Structure formats: C-alpha cells, structure tokens
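Handing you a structure now.
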Amino acid sequence: MTQIKLYNSATKQKEAFTPIDENHVTMYVCGPTVYNFIHFGNARPAVIFDCLFRILNSAYPKVTYARNITDVDDKINAAALEQKVSINEFTQKFTTAYQEDMANLGNLTPTLEPKATDHIQEMLDINQVLIDKGYAYESEGHVLFDVTSNENYGKLSNRNLDDMQAGARVEVADYKKHPMDFVLWKPSDTGTTGWDSQFGFGRPGWHTECVAMINKHLGKTIDIHGGGRDLLFPHHENEQIQGQCCQSETQDYVNYWLHNGMLNIDGVKMSKSLGNFITVRELLEQHDGELLRFALLTSHYRTTLNWTKDLLTQSQQALDKFYTVLRDTQDIKAGESDINTNPVVMALYDDINTPQAIAALHQISTDLNKKEGNLELLKAQFIQGAQILGILNKDPESYFKSGDGLDEASILDFIEQRKAAKKNKDFAGADKIREELLAQGIEIKDTREGVIWQRVR
RNA sequence: GGCUGGAUAGCAAAGUGGUAAUGCUGUGGACUGCAACUCCGCCAUCGUCAGUUCGAUUCUGACUCCAGCCUCCA
C-alpha cells in the first residue's frame, strides 16, 4: 500500500503516517461552539478533515472520526439569556444548523459527534486525576491547571512561559498561582448553568471536554487530532498537557497534530471577533455547496486561503469543465482503478495535496476528451479521485439542466424550430432562436451527437 | 517583545539542487453555417541582496513586505 504522509505540527515536518492500530484509525477534530450560525472560516477544517476521513477510509478498514459540539460556554449562556430561550433549546437549534450546513458542503457525517454536556462527569474525573497527580489545584471554587507542574507545557506550540509573559495580555487573577494557569472548572452562580461537583457548583473551563471525549470514545492515545491553526495555542497546548498528564507519563496523547491555515477575507483573517465574516448559511443561499467545497479545496490546507469572488468564478469554471467531461463520457464504463496508481489519490495521500489532486483531475479530463488511452481506467480514476475529494457526485445532466426558468418542453420546442430553420439554411432565424434562448438563460450547442442545452449560471 | 507561516506568470495555485505542474484569462490555429464545447500552440527565470555549489526558484544568512498566535476564535 502506498504510504500516506501528513505534516505533523508537533514535529514541524511531513511524516509517514502509521496508525497505532492498522485496523482502526482514530481522528478527532475540533468542532464549533454552538452559539450562532457558523461562519465560512469554520467550514475549512470541516471540509479538509472530511477529505482526510475519506482518504483514511480508502486505506484502512475502519476509521473513527469524532467532531465535537461545544454546548456549554459563557457566550452561550449570555446569548440564550439575551434571547430569552432555554440553553438547551438554544444550543439544539445551532447544533442542528451546524450539522445541516456541514452536510450541505458535502461532508460525510462523522462517526461520532459528542457533546460537551454529555461528558461533565468525565471532565470532573479528569480534574480529580490532575489534582491527585499534582498537576492541578483548587482555588476559590476553581480548579486550575498549574502550568509550571510539567516541563512539557509549551512544547507543542513552541513557547516558553517567560517569553509569553513579556508582552502578554494575560489576565492576572489572585486565585491563580501563575498568571498562565488556566481554568479547568469554574464556579457558577445559582442563576448560571452549572453542575454539582466535588469542587462545588460550577461549569467546565478550559476545553477539558476534548480530553474527556477522546479518552472515552477514542482511547488514551489517538492517531490524529485536527483543527484550525489558531487553536494551536492556547487551546491545543492546554489540551495536550491535560491529556498527557492524566495518563501514564510515557504515553502520548496525540500522535499527529494537524492544523489548517486560516481563511482570509480582504487579506485579513475571517473571524467572529473582527466581525468580517460570512456565514455558511448566507453563502449556501447564493451558491451550491459543492462549489463552496471546491473553492476550499483549490489551495493546500496549510496555506492561508483568501476568499474572493474571483475564487468562486474560477471554481465554477473548473466544476463546469469536470461535469462536461462526465456528461460527454457517459457511455464510457468506469473500469477498475487501483488506488495506488491513481494520480489523484496519490496527490491526496501526500499530505492532502488537494491542488495537485485537482490538477491530476484536469489531466485526466484532457485525456478523456481526447479519447485516447485506456478510457475505462481513466474514467475510473476520475471518479475514484473525485469521490475522495467529495465532489462531482451529481448526475451531469441534472447538474447542467436543473434550475428555474423556461421549462424543458418549451426548450425542446425551440430547439426543434431551430433545427428546421437550419435545415432550410435560414441561419439568421436559427441564430435568432439561439439568442432568444440565451436571453432566457438557456445555452445550446451543436455537437456531432446532436443538440445539447444547459442553463447558464 | 516572544513565537509561526508565507512571498511563484494578468488571476489562482502545485512543485523541484540542474532553467517551473495545473486551471482561468489573453492570444494564434483546428473543428463549426456562425458559435459553444473540445483539441493543438504561445505567454513566468520563482520578493530583494549576499553566501554555499559546477549549477539555486529550491539550501544558508540578512533585508523588505504580508498573514497568524501570545484574549474567545476553525
């Protein structure tokens, strides 16, 4: 089998991927905090890691992919209170919306979608273990992680405590031993969401949920942990140290850390705090999910992707071209394609190189159009590659023909009229019909096989 | 202040120690009644400077610029 390679943020290099268990790969990806509709930047990791999920599925018998839902958070509390709805109702609404958005972008449903609120006890247990082992302490109703307690703190993101303090905007609280200590459990007022615990009535603090969910569902050590680059610090650093410290010292928490680059808009990171975001919802109202997905795959996942109108235009052109090939080769039966010799798949096995995979798709398209070579193989490679990218799974006829506007019967009627005109060498008349159709959003083309039509986007 | 990445043709985007994939645009041609589709051809020396090397876009150093993290963020 061809080796899958992945860039590991922890070692800062591309490494051969070797799972702990050849028969069962485990992957965890940070999902959203459900307090509003997610913005398009959040869609990038979902699409990238969905692609990786498909890649792994093509190479291993079983893959468990977990993408969490953070449904307890101070922002959730605040927003629910402001909108005067119950927290449950509130988080359920946005959880469903998130799942719908993700599905509309062509993402497979993850194996597991665990919720933070279903793992409160597990989080408390982890806190207790950390306290018992001397990595965490209680202070004024809080449980805090002591960042000086383990020398590995800072390793993942390559930071040291002294440097960070120099220019840091760290909130110094008197219940902390060290300014960088982070909260694992915090006290809640009677009016705030909370759970009774040995540490008092309170709620989870720093993303212990990820550790809890991973330990419970995927194991003490997992193969892959993914998320946005902006989560590397502090989130993943803090999570990593917790995961490491609550198990045996020699055992790693995560073997491969993967981080996707940011999505920029007008050259600046799209983010909730800056307010320069577009929600996936809004984009889906104007564009097909497949187009949005394709646009996200046009650049390598570790680079920054600038979101522009031009990107969408170019993506649309590429998709149209691919669907044209599929439409024109409908009579070619896909043969057998060996994953290991498929250039599209090979590109993806090399650290999810989606741009190169798309380039390979273009190459195959040209060969198919030329009708040269082993067409059954080419078609099979094309379809197999597209499947792993999660694109081109629509029926090409309906891709071009579905939509609003003139009904099919009328279109065919016009085409017949034009045919008659052409037969009578009335080219002016024929052209006029073509123009009228175009004015109504219908484009027609004469091919050797006959007239074909499609709706213009 | 500390730490990360990045800079490739008009646009987008891979990649490599031996003069650079792919797509779009533009342009020349084939096909077509004309178009469209499709096919063939053309269009870059890889931010700047210096070093290593027989040879660097690819390695090293400096510089400039851009983005990100150090506060919730994918």
Side-chain angles (χ1 to χ4, degrees), chain A residues 9 12 29-33 35 38-49 67 70 73-75 154 157-171 180 206-207 226-237 259-264 267-274 277 295 298-306 308 310-311 313-322 324-325 327-328 343 347 350 353-363 365-366 368-372 422 425-428 430-431 434-435 438 443-448 451-454 456:
Chain A
S9 302
K12 287 187 195 154
V29 173
C30 289
T33 302
Y35 66 95
I38 64 152
H39 73 251
F40 200 59
N42 296 277
R44 174 120 104 139
V47 168
I48 288 298
F49 292 111
R67 188 180 63 196
T70 300
D73 174 271
D74 288 356
K75 281 203 236 19
S157 60
N158 189 32
R159 283 155 209 261
N160 70 66
L161 292 169
D162 298 334
D163 287 345
M164 280 191 290
Q165 280 182 79
R169 293 165 280 182
V170 182
E171 193 196 341
M180 294 300 287
W206 257 117
H207 296 243
R229 178 126 211 115
D230 53 352
L231 293 182
L232 186 54
F233 189 91
H235 181 198
H236 288 161
E237 186 68 59
H259 291 97
N260 61 276
M262 298 295 100
L263 186 81
N264 278 191
V268 183
K269 177 187 169 189
M270 185 184 283
S271 74
K272 287 175 183 172
S273 45
L274 288 174
F277 60 84
T298 55
S299 70
H300 187 82
Y301 79 95
R302 279 189 281 115
T303 64
T304 301
L305 172 62
N306 204 27
T308 61
D310 216 38
L311 175 65
T313 308
Q314 295 193 8
S315 299
Q316 183 68 265
Q317 283 170 311
L319 275 180
D320 285 354
K321 189 180 161 180
F322 289 143
T324 302
V325 180
R327 182 185 61 191
D328 295 349
D350 185 9
N353 196 333
T354 53
Q356 195 153 73
I358 291 169
L361 236 33
H362 279 294
Q363 207 86 54
S365 295
T366 303
L368 280 170
N369 281 329
K370 284 199 282 194
K371 303 256 189 279
E372 280 173 13
K422 278 176 67 177
K425 302 277 183 209
D426 175 15
F427 294 121
D431 288 351
R434 186 167 63 193
E435 278 158 30
L438 191 59
E443 191 178 5
I444 55 176
K445 307 170 180 191
D446 299 329
T447 72
R448 282 188 195 82
V451 182
I452 56 175
W453 65 273
Q454 65 186 60
V456 182

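Keep in mind it's a predicted model, so treat the numbers as computed, not measured. We use all heavy atoms of the structure for the numbers below, so side chains are in, but hydrogens, waters and symmetry mates are not.
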(message) Both Lys422(A) and Thr308(A) contact RNA chain B. Taking the nearest nucleotide for each, which residue is further toward the 5' end?
(response)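 That would be Thr308(A).
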
(message) If you go through the side-chain atoms of Ser273(A), does one of them form a donor-acceptor pair with the base of C72(B) closer than 3.5 Å?
(response)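 Side chain to base: pair found, below 3.5 Å.
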
(request) Could you tell me which nucleotide pairs with A12(B) by Watson-Crick or G-U wobble geometry, both distances under 3.5 Å, or answer none if nothing does? (result) U22(B)

(message) Nearest to the Asp230(A) side chain among U4(B), G33(B), C73(B), which nucleotide is it?
(response) C73(B)

(message) Between A36(B) and G26(B), how many Å separate the two P atoms, rounded to a whole number?
(response)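 Per the computed distance, 11 Å lies between those P atoms.
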
(message) Rounding to an integer number of angstrom, what distance separates C65(B) and C24(B) when you compare their P atoms?
(response) 37 Å

(request) Report the distance from atom CD of Glu237(A) to atom P of C70(B), rounded to the nearest whole Å. (result)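 Spelled out: CD on Glu237(A) to P on C70(B) is 13 Å.
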
(message) Heavy-atom nearest nucleotide on RNA chain B for Ala360(A) versus Lys445(A): which residue maps closer to 5'?
(response) Ala360(A)

(request) Report the nucleotide, chosen from G5(B), G33(B), C73(B), that has the shortest atom-to-atom distance to any side-chain atom of Lys12(A). (result)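 Among the listed nucleotides, the one closest to the side chain of Lys12(A) is G5(B).
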
(message) Check this for me: does the side-chain of Asp446(A) come within 3.5 Å of the base of C34(B) through a donor and an acceptor?
(response) yes

(message) Once hydrogens and angles are ignored, does a donor-acceptor distance under 3.5 Å link the base of A36(B) to the side chain of Arg434(A)?
(response) no

(message) I want to verify a distance call: between C24(B), C70(B), U4(B), whose nearest atom is closest to the Lys321(A) side chain?
(response) C24(B)

(message) Applying a 4.0 Å non-hydrogen cut-off, can you work out what Thr366(A) is touching in the nucleic acid: base, sugar-phosphate, or nothing?
(response)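 Sugar-phosphate: the residue Thr366(A), judged by heavy atoms under 4.0 Å, touches backbone atoms but no base.
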
(request) Classify the side chain of Lys272(A) and the base of C72(B) as holding, or not holding, a donor-acceptor pair under 3.5 Å. (result) no

(message) Is it the case that G2(B) (base atoms only) and Asp162(A) (side chain only) share a donor and an acceptor within less than 3.5 Å, ignoring hydrogens and angles?
(response)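 It does not, because no donor-acceptor pair links the side chain of Asp162(A) to the base of G2(B) below 3.5 Å.
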
(request) For nucleotides C3(B) and A9(B), find the distance between their P atoms and express it as a whole number of Å. (result) 30 Å

(request) Please determine if a side-chain N or O atom of Lys269(A) lies less than 4.0 Å away from the OP1 or OP2 oxygen of C69(B). (result)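 Indeed, a polar side-chain atom of Lys269(A) lies that close.
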
(message) Please give the distance between the P atoms of C11(B) and U16(B) as a whole number of Å.
(response) 24 Å

(message) Let's see if you can work this out: which of U22(B), C73(B), A14(B) has an atom nearest to the side-chain heavy atoms of His362(A)?
(response)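 Selected nucleotide: U22(B).
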
(request) Report yes if the side chains of His362(A) and Phe322(A) come closer than 4.5 Å at any heavy-atom pair, otherwise no. (result) yes

(request) Please examine the side chains of Met262(A) and Leu305(A), heavy atoms only from C-beta on, and report whether any two atoms are closer than 4.5 Å. (result) no

